[in-house]
*Asks:* 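So that we are looking at the same thing, I have put the structure below in structure tokens.
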Amino acid sequence: MSESVPTRSNLAPGGGVPPTEHNHPDSAPSAPAVVLVKSWKAPIAFGIFALVSIILFVVFGRDGDSTFRLSTDVDLIQLPAVVLPTRPTGVVVAVLLVLLAVYSAWLVASSRKVRLWVMAVFAVIFLIGFLTWASAGQTIPIPGLLIGTVSLSVPLIFGALGGVISERVGVVNVAIEGQLLAGAFVSAVVASVTGNPYVGLVGAVIAGTLVSFVLAAFSIKYLVDQVIVGVVLNVLVTGLTSFLYSQVLTADPTLLNSPPRFQAVPIPLLSEIPIIGPTLFRQTLIVYLMYIAVAVVFFALFKTKWGLRVRAVGEHPQAADTVGIKVNLTRFWNVSLAGAIAGLGGAYFTLGSVGSFQKEMTAGAGYIALAAVIFGRWDPIRATLAALLFGFATNMQYVLGVIGSPVPSEFLLMLPYVVTIFAVAGLVGRVRGPAAAGKPYVSA
Amino acid sequence: MSDTTITPAAPGASGSPAPSAAPAVEPPSRWRQTFNEIIGGSVMISILAVVLAMIVGGILIAVTDENVQKASVYFFARPGDTFAEIWKAVSGAYVSLFQGAIFNPKRDDFIQQIKPITETLTFATPLITAGLGVGLAFRVGMFNIGGRGQMLIAAACAGWVAFTFHLPPGLHMVVAVLAGLIGGGIWGGLAGLLKARTGAHEVIVTIMLNYVAFYLISYLLRTPILQAPGSNNPKSPPLDASAVFPQILGPQFNLNFGFILVIAATFFVWWLLNRSALGFKFRAVGINPNAARVAGINVKNMYVYAMVISGALVGLAGVSQVLGPLSSGFSSGLDAGIGFDAITVALLGRSKPWGIFVAGILFGAFKAGGFAMQASQGIPIDIVLVVQSLIVLFIAAPPLIRTVFRLPDPSKPKKPKARKTPIAPTQEAVIAK
């Protein structure tokens, strides 16, 4: 956040951050900005992963067949399970990965960029190879893997959307964790007392907004460093909810902490599409709200007057002020909106999955959502994808844990975080957020 | 642009990490400065912030107290009962907090009576050194949320040395501490290196490294490298007595040699920041990295050095836990949230070494007293988190405190007593600007 951003003129951060500028590993520290330096990061990363795949899938290849089950028992259209012979598949995957690494090296050598789709293809192939290798002689339920991914990602996605809006308008939102936790707590209590999960959802929205009010008041009115307010708010909400949980909720759990949960609502027709149907369209109301939220935030941020103003305030508040946009008011209401969205994500912890509130039940999801925001370069869609990546990696560890994986579970749990470090350091490079994020605006 | 307005409030990452940044005019004498600080604000604001936070905490305790709730049912018939119950609940809580943290006159002999204050210092030990690490990073304009990971790695390194090798007493301890410092320094330096070389944001990297360290140590605690032989629990064997910190006040107190190290570390950081060339560069980078670069400072290297030192300091917190209270064997939960508490300690201490020292002792007192309060009054220790975070919030916003207590604004040049009306915070901000 204290990244010194030299003032640049391009006001479209969502699109292409010039990846070749500044981020060459060997560029001398004092060298001025050199345009078009060849970035060898992608080929190097590909090479490392290709090497890993050769070692894992070929040298330590396992014998047997890996079965991928594609349908659940209740599906209308039953797809046959795919059976792959483990060792030959591993060899094929390793060869493909090496070819892709060579291809990307060739691209860079001839001064061309490695496109995103190359990375995506590489990642998918590596993943198939890894799952095949890990499930030798076992069956992996693909729908289960994906359904779990979506459930684990829901709060992360809501939190990341809140983060995107807040940071786009120029207020760094480290308080996502607090907003999620407040949403989870209030929604559980409200839904439990009223017996109505919908009212609980409203409660979660209000709780998230209240946390945001504090963030907005301190950072906009009192000009306190936004990161500090965010961190402290997380501690405050953690302390407050834990205190009230121990002191009040445990005294009468049946009245205060046994909320009704949302039931899954299958969408007719769509829910019968193989693989996609069970994954996306047999979910609870909160998940459907999430789909809408992602689409609306993306559309509104980039296609509407509101979005233009938000981005203007976050990029160049002085310019926005000059054309008559009330900077601090815009910031205040949009930070509140961000809190409302993150609060919805908090409701998913209680009303969507677990039911009752537990101490510190968000367990750092807010910080992961923050990472997803930066990983996703402050773009709602990319941030959503980043959140899904975290959800997938976490769920893969559960699934592989059930079938007994050859890798210690700790390393699988570590995987999403290591991947993020690699991605942030290597592939994403020097990310540039909204230029004015983190800086209070005082009109002259 | 608005840096001057937030200097008293924000020691933090983005704007102005050096609250001590003096105006261009030649500063007045030190006594004069101290006097002005006490009268004019910073110290007063800090004290009032603590008071205000304790008041809010008291309200929370009163509202959630069962007896208060019972009495409030017939509030309009006999309001005195409600107030009596409120007084009983709140005063009971804070008296037991005091007795648990500083001095307990109810105990039999003097040793037992003053034991609480040594407990406070014991709790403060890791908080101060971790706070120093986080504060140092703040001063260089970086935000080290990786306290958990750095503590875990450092503690594991120190612990491993302590139970694997069998060296003479004294030397063993020194080697263990050094191993911990190196471990923490490497883990912190990794984030600095990635920031300097690839531009990776240190906030993300340190958060991610927390998880990586946690799972790495969890894994190692299941393997013979760290796990106690013949045990199924993910816990290390007890450490060699030759490596464990000695208790400096005799066996009846828990306070150990770690506290001496903390004083040394505080002095070191003070010297580093205020008296060394490296510290000068650190502060220059923290205030304005562009200007620092123009002045010929290698900004990227400063990021790396600062994170190495920061990680080592935070690591010392982990070491002091392992070689102190946890010397009978540690598990992967050894950080106990200290890595995150350290952030609030550093904020409260405004990233100044001795400020952090005082803030750490205050939070140590809250922790020691909180446990006593939980035991004797049944009030969950989480209230301490609430009070701590409120203190930091209030201190970060002096205008709020001034509005609440109707204090004069010290940024005005006139003597305080000449003031009649409080100044609204928005006005103050604008004027200061």
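Reminder, nothing fancy here: chain letters follow the sequence lines and each chain counts from 1. Side-chain atoms are counted along with the backbone in the values below, which use heavy atoms only and exclude waters and symmetry mates.
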*Asks:* To the nearest 0.5 Å, what is the distance between CD1 on Ile368(A) and OH on Tyr211(B)?
*Replies:*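 Answer for the CD1-OH pair, Ile368(A) versus Tyr211(B), is 4.0 Å.
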
*Asks:* Under the ring-ring contact (aromatic ring centres under 6.0 Å, His included) criterion, do Phe411(A) and Tyr219(B) qualify, and how do the steps go?
*Replies:* CA-CA 8 Å; Phe411(A) 286 98; Tyr219(B) 170 71; 4.7 Å; yes

*Asks:* Working to the nearest 0.5 angstrom, can you tell me the gap between Thr403(B) OG1 and Tyr222(A) OH?
*Replies:*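 These two atoms lie 5.0 Å from each other.
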
*Asks:* Using every non-hydrogen atom in the two residues, find where Phe143(B) and Val231(A) come nearest and quote the distance to one decimal.
*Replies:*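 Looks like CZ-CG2, 3.4 Å.
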
*Asks:* May I ask you to name which of Thr344(B), Asp65(B), Leu60(B) has the most heavy-atom pairs under 4.5 Å with chain A?
*Replies:*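 Most heavy-atom pairs under 4.5 Å with chain A: Leu60(B).
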
*Asks:* Could you tell me which non-hydrogen atom of Val386(B) sits nearest to which non-hydrogen atom of Gly239(A), and how far apart they are?
*Replies:*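 Looking at all heavy atoms of both residues, the shortest contact is CG2-C, 3.4 Å.
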
*Asks:* For residues Gln247(A) and Pro380(B), report the shortest heavy-atom separation together with the two atoms involved.
*Replies:*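 Here Gln247(A) and Pro380(B) meet closest at OE1-CD, 3.1 Å.
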
*Asks:* Measure across Pro408(A) and Arg222(B) and return the closest heavy-atom pair with its distance rounded to 0.1 Å.
*Replies:*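 Looks like CB-NH2, 4.0 Å.
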
*Asks:* Shortest non-hydrogen contact from Val224(A) to Ala397(B)?
*Replies:*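 The pair with the smallest heavy-atom distance is CG2-CB, 3.9 Å.
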
*Asks:* Please classify the contact between Val248(A) and chain B as side chain, backbone, both or neither, with a heavy-atom cut-off of under 4.5 Å.
*Replies:*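 The answer is the side chain of Val248(A).
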
*Asks:* In Å, rounded to the nearest 0.5 Å, how long is the span from CG of Leu385(B) to CZ of Phe243(A)?
*Replies:*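 One finds 11.5 Å between CG of Leu385(B) and CZ of Phe243(A).
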
*Asks:* Going from CE on Met208(B) to CZ on Phe375(A), what distance comes out if it is rounded to the nearest 0.5 angstrom?
*Replies:*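 Output value for this atom pair is 9.0 Å.
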
*Asks:* Roughly how far, to the nearest 0.5 Å, is the CD1 atom of Ile207(B) from the CD1 atom of Ile421(A)?
*Replies:*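 Spacing of CD1 (Ile421(A)) from CD1 (Ile207(B)) equals 10.5 Å.
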
*Asks:* Would you mind checking which part of Val232(A) comes under 4.5 Å of any heavy atom in chain B, side chain (CB onward), backbone (N, CA, C, O), both or neither?
*Replies:*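 For Val232(A), heavy atoms of backbone and side chain both lie under 4.5 Å from chain B.
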
*Asks:* To the nearest 0.5 angstrom, please state how far the CG atom of Leu244(A) sits from the CG atom of Asp382(B).
*Replies:*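 Output value for this atom pair is 9.5 Å.
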
*Asks:* Counting heavy-atom pairs closer than 4.5 Å to chain A, which one of Ile381(B), Val212(B), Ile343(B), Leu390(B) comes out on top?
*Replies:*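 Option with the greatest count: Val212(B).
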
